[in-house]
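For ligands, and for the atoms within them, numbers begin at 1 and follow the listed sequence.
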Amino acid sequence: MKLFDLSGRVAVVTGGNGGIGLGMARGLAAAGAAVMVAGRNPEKSAAAVRALRELGAKAESIEADVTREEDCRAMAAAAVERLGGLTILVNNAGTNVRKRPEEYSLAEWHRVLDTNLTSAFMATQAVYPAMKKAGFGKIINIGSMLSIFGGTAHAVYGASKGGIVQLTRSVATSWARDNIQVNAVLPGWIDTDLTRAARRDIEGLHDRVLARTPAGRWGDPADFAGIAVFLASAASDFITGAAIPVDGGFSVQV
Ligand code: NDP
C-alpha cells in the first residue's frame, strides 16, 4: 500500500539498538526505509544492523551519545553521507533513575534531562537542514505515561517526558510550513531492559501492570512497528503535534 511505503526514506533512530527503538526500526525497515541506528553500545548496534539487514533493508550504525551535541550532528551527517539522505528522526534514547524527589542529586537530574529531553532538542536541530532540503520530514519523539501522570519516584523522568510532549507541539507548529510533521508516542508498560530492571526492583509491579492495563498484557517492542510506520509515512501527513498513547488502554481507564 503506497500510503505506508517508506522506500527511499532514511531514518535515524536513537537507541535503535534495543527495546522500543529496535521495534520501531524493524517496522521502518520492513516498510522500505534505510535505517541509521544510533547508540552507545557498538555490539548491540551491530546486532541490530544485522537484524534490519535480514529484513532486506539498508542499515548502518553510528556510535553516538545523544547527550553530546557533536554526536547528534554526527549521526545526522552519517545518515546523509552513508544512506543518502535523512527524512525521519526517531528520538527514542532514554533512561530513568527512580528515586523520590528529595533523594535526587542535581547530577542525576541533569543526566535524565540530558538523555531524555535535551538530546531530542539537539537531534531535532541537527536534522532540520536535511529535512528542509528534502522538502519534507517526520520526527517521532518518545514520551511516556509519565508525560500524562505523576509518580512518587518519577519527578525527574516525568519532567523530561512532559517536556517531550511540549517540545513536540512547539516544533510541530514551527515547522508545519516546511512540511515536517512532529509527533510524540506515549508508550504504556513495555517489556524491555529498562522495565525488566524496574520489575526486578519493585515488588508486585508485574502484576499491578497486568491488572491496570485493559489489554491484560505488557507491551512488546513489536507493538511499536505500526505506529512508527504510520507516523513516518504519507499516511500521517496532516497529523502534527499529536501525542499518541500506545498503551493497551492504560491511559483511558479510571
Ligand atoms: P532500553 O533501555 O531497552 O533502550 C534504551 C535505549 O536508549 C538503548 O538502546 C540505549 O542504547 C539508548 N540510550 C540510552 N542513553 C543513551 C545515550 N546517552 N546515547 C545514545 N543512546 C542512549 O529502554 P526502552 O526501549 O524501554 O526505552 C526506549 C524509550 O521508551 C525511552 O525513551 C523510554 O523512556 C521510553 N519508554 C519506555 C517505556 C517502557 O515501558 N519500556 C515506557 C515509556 C517510555 P545504548 O545501550 O547503546 O546506550
- Message: Surrounding CD of Glu203 (heavy atoms of other residues, nucleotides or ligands, distance under 6.0 Å), is the total greater than 12?
- Response: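 Incorrect, the count does not exceed 12.
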- Identify, chain by chain and in numerical order, each protein residue with a heavy atom under 4.0 Å from an atom of ligand 1.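 Within 4.0 Å of ligand 1, protein side: Gly15, Asn17, Gly18, Gly19, Ile20, Gly39, Arg40, Asn41, Lys44, Ala64, Asp65, Val66, Thr67, Asn92, Ala93, Gly94, Thr115, Ile142, Gly143, Ser144, Tyr157, Lys161, Pro187, Gly188, Trp189, Ile190, Thr192, Asp193, Leu194, Thr195.
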- Task: Group every Ile, Leu, Val, Met, Phe, Trp and Tyr by side-chain heavy-atom contacts under 4.5 Å, then state whether Val246 and Met145 land in the same group.
- Result: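 No; tracing contacts between hydrophobic side chains, which count when under 4.5 Å, never links both residues.
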- Task: Compute both the distance and the angle, then confirm whether Arg212 meets the cation-pi test with Trp189: under 6.0 Å from the six-membered ring centre, within 45 degrees of the axis.
- Result: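 Geometry flag: not set, cation outside 6.0 Å or 45°.
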- Task: Just jot down the side-chain contact (heavy atoms from CB on, under 4.5 Å) partners of Ala93, sequence neighbours excluded, or say none.
- Result: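 Counting only residues at least two positions away or on another chain, Ala93 forms a side-chain contact (heavy atoms from CB on, under 4.5 Å) with Thr14, Val66.
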- Item | Nearest heavy atoms of Val37 and Ser45, plus distance in Å |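 For Val37 and Ser45, the tightest heavy-atom pair comes out as CG1-OG, 4.0 Å.
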- Query: Are Asp65 and Arg40 ion-paired here, with the side-chain N under 4.0 Å from a carboxylate O?
  - Reply: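 No, no charged N to carboxylate O under 4.0 Å.
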